[in-house]
J.: 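Just dropping this structure here.
All values derive from a computational prediction rather than experimental measurement. In what follows, chains are A, B, ... by sequence order, proteins preceding strands, each numbered from 1.
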Amino acid sequence: MSNKENIPKLRFKEFSGEWEEKATGQVLKIGSGKDYKHLENGNIPVYGTGGLMTYVNDYLYDGVSVCIGRKGTIDKPMLLSGKFWTVDTLFYTHSFKESIPEFIFSIFQKINWKLYNEASGVPSLSKATIEKVKVNVPKKQEQEKIASFLSSIDKKINQLSKKDELLQNYKKAMMQKIFSQKLRFKKEDGSDYPKWEKYELKEFLIERVEYPEELLPIYSLTIEKGIIPKSERYERAFLVKSDYEYKTMKENDFAYNPMNLRFGALARHKEKLDVMVSKYYNIFYCNEKLNSYFAVLYFTNYNSIQFYNKMATGSLEEKKRVHFREFLKFKFSFPTIEEQTKIANFLSSLDTKISQNKKALEETQRFKKALLQKMFV
DNA sequence: GCGGGCTCGCCTGTCTATTT
DNA sequence: AAATAGACAGGCGAGCCCGC
């Protein structure tokens, strides 16, 4: 009853009075994105729902604007400024009335857009829907104060994500150099490690064909996230038809899917837990001559994936696969186990840095989210 | 200009028939 | 019986395009 007052929990003390509830359509206008294909190359950025796409020689709008997806990703608004173009699945906003885009951007980040999804299939929003969404706004001065305060946090977030990107790129670049042997490590005493020698993979890999005696947690292989619980991917309770069609996977085992190895579907099971996965995966582990951490990066680096693509067999492009027998016969150059360990240590120290930075980033994002909850009505 | 259907690419597989 | 080839499966995002 008493929440008639439109006042945020947390507020700069120089401001008072209620915020006003308005329809989004009252405070801004929405512009539609357009096809950009007829345009020539230039230096005006083109944005799609997923972000920057390309550059053209004409612009749709010049100024600060909040953009939001029309189809596909509809809950990731972005703030653009200067001259830009948006594709037809991305709305932009303009003609702000008694409001400023930076403030609206914060509000838009708070809104659960999926609730406004009208489509049954691919999520989508329409102009009319967005215009009807209610927003609570204070006077412009307060908006500016809040926006500038939040922008300092955004700045921090940007710095951290930029750092993340740099670290990721650095790791990628280093891996390229290391695996192509353009960059070599030296022993502690300064001398060189021996030359890398070509070996068939069967020198290092041992297949594990074990069928679980009791039901174990069902796991699944993904390119992005590695070996993860099946429930994170599928709604359904099973992975394969019968309980007899699973294989056991233990800590440090590798799995790859013959159909998808050429896309990089190979990962190491990092948990202590024994799990079961589809029998269609090939499961194997490294002997004492191959460092697992080194191996997983080596097997999934760009050049290796190119190689699998070349070697995959099958009549049609989409039916190509890499059989385990063939896989075992692939010849790769390997350093000694000592050098592998050195490389693994170096790369894992990078991983540590990356995950520390990611932690800081996530913390800042959480902090911002909490502020958004408190500083807005 | 706007909304909605279409389609394609990508990812991620599983199941079955045939050959070895 | 195991390995391999071939076929079938389906979610989902987003660009493309068309009709109103």
Side-chain angles (χ1 to χ4, degrees), chain A residues 25 29-39 46-54 56 60-61 67-76 78 85-94 113-114 116-132 207 209 211 218-247 255-267 276-282 300 305 308-309 311-329:
Chain A
K29 285 190 179 147
I30 300 167
S32 298
K34 277 186 197 170
D35 193 17
Y36 63 92
K37 290 276 157 60
H38 61 286
L39 301 168
V46 177
Y47 291 90
T49 338
L52 183 62
M53 288 172 62
T54 180
V56 292
L60 212 51
Y61 186 70
C67 299
I68 184 155
R70 182 171 76 84
K71 233 167 23 174
T73 307
I74 57 172
D75 57 353
K76 294 273 181 303
M78 51 182 117
W85 192 282
T86 59
V87 303
D88 86 324
T89 45
L90 187 67
F91 289 125
Y92 67 97
T93 53
H94 59 96
W113 290 103
K114 285 189 177 147
Y116 297 98
N117 173 29
E118 295 147 331
S120 48
V122 179
S124 61
L125 292 172
S126 70
K127 239 181 214 192
T129 309
I130 300 174
E131 280 168 354
K132 275 187 224 143
E207 187 175 15
V209 189
Y211 299 97
I218 305 172
Y219 272 54
S220 175
L221 168 64
T222 68
I223 293 173
E224 283 290 308
K225 295 184 188 159
I227 309 289
I228 57 164
K230 177 231 80 210
S231 57
E232 287 178 26
R233 266 189 61 199
Y234 297 105
E235 296 278 326
R236 62 176 196 259
F238 61 92
L239 188 62
V240 285
K241 246 182 19 189
S242 105
D243 289 346
Y244 303 105
E245 305 195 333
Y246 293 100
K247 274 184 195 163
Y256 84 77
N257 184 323
M259 287 299 290
N260 299 325
L261 182 62
R262 62 209 181 93
F263 304 126
L266 182 152
M276 55 188 200
V277 296
S278 164
K279 70 165 185 185
Y280 301 110
Y281 296 168
N282 294 115
T300 54
I305 290 174
Y308 306 140
N309 261 299
M311 302 303 285
T313 54
S315 58
L316 290 167
E317 191 54 35
E318 71 275 11
K319 283 174 189 149
K320 288 195 168 180
R321 67 189 85 192
V322 177
H323 293 293
F324 193 57
R325 280 191 164 185
E326 300 303 315
F327 185 73
L328 286 177
K329 282 190 227 155

J.: Got a sec, which residues hit ring pair (Phe, Tyr, Trp, His ring centres under 6.0 Å) with A:Tyr47, two or more places apart in sequence or on another chain?
T.: none

J.: Examine C:dT4: is either OP1 or OP2 under 4.0 Å from a nitrogen or oxygen in the side chain of A:Thr313? Give yes or no.
T.: no

J.: When the distance from NZ of A:Lys279 to P of C:dT4 is rounded to whole Å, what number comes out?
T.: 14 Å

J.: So do A:Ser32 and A:Phe91 actually touch side chain to side chain, heavy atoms under 4.5 Å?
T.: yes

J.: Would you kindly give the NZ-to-P distance between A:Lys34 and C:dG15, to the nearest whole Å?
T.: 17 Å

J.: Rounded to whole angstroms, how far apart are OH on A:Tyr280 and P on C:dT4?
T.: 15 Å

J.: I need the NZ-P distance between A:Lys247 and B:dT14, as an integer number of Å.
T.: 11 Å

J.: Rounded to whole Å, please give me the gap between CZ in A:Arg321 and C1' in C:dG6.
T.: 7 Å

J.: Go through the steps to decide whether A:Tyr281 and A:Ile227 satisfy the test side-chain contact (heavy atoms from CB on, under 4.5 Å), and finish with yes or no.
T.: CA-CA 12 Å; A:Tyr281 296 168; A:Ile227 309 289; 5.9 Å; no

J.: Between A:Val209 and A:Tyr211, is the side-chain contact (heavy atoms from CB on, under 4.5 Å) condition met? List the steps.
T.: CA-CA 7 Å; A:Val209 189; A:Tyr211 299 97; 3.5 Å; yes

J.: Please report the distance, rounded to the nearest Å, between CE in A:Met276 and P in B:dT14.
T.: 12 Å

J.: Strictly below 4.0 Å: does A:Thr222 bring a side-chain N or O up to OP1 or OP2 of B:dC11?
T.: no

J.: Any idea which of B:dT14, C:dA14, C:dG15 is nearest the A:Thr73 side chain?
T.: C:dA14

J.: What is the distance, rounded to the nearest whole Å, between atom CG of A:Asn260 and atom C1' of C:dA9?
T.: 13 Å

J.: Just to be sure I understand the rule, does A:Phe263 reach a base, reach only the sugar-phosphate, or reach nothing, if contact means heavy atoms closer than 4.0 Å?
T.: base

J.: Name the pairs: protein N/O against N/O of nucleotides 3-7 of chain B, kept only if under 3.5 Å.
T.:
residue : atom : partner  : partner atom : Å
B:dG3   : OP1  : A:Lys127 : N            : 3.2
B:dG4   : N7   : A:Arg70  : NH1          : 3.0
B:dG4   : O6   : A:Arg70  : NH2          : 2.8
B:dG5   : N7   : A:Lys71  : NZ           : 3.3
B:dG5   : O6   : A:Lys71  : NZ           : 2.2

J.: So, does A:Trp113 use its side chain to make a donor-acceptor pair with the main chain of A:Lys76 at under 3.5 Å?
T.: no

J.: C:dT4 P sits how many Å from A:Phe324 CZ, rounded?
T.: 11 Å

J.: When you check the phosphate oxygens OP1 and OP2 of C:dG15, does a side-chain N or O of A:Thr89 lie under 4.0 Å from one of them?
T.: yes

J.: Let's go through A:Tyr92 and A:Leu60 carefully: what are the C-alpha distance in whole Å and the side-chain angles of both, what is the deciding distance for side-chain contact (heavy atoms from CB on, under 4.5 Å) to 0.1 Å, and is it a yes or a no?
T.: CA-CA 9 Å; A:Tyr92 67 97; A:Leu60 212 51; 3.9 Å; yes

J.: Would you sort out whether A:Thr313 and A:Glu326 count as a side-chain contact (heavy atoms from CB on, under 4.5 Å), showing the intermediate values?
T.: CA-CA 10 Å; A:Thr313 54; A:Glu326 300 303 315; 5.6 Å; no

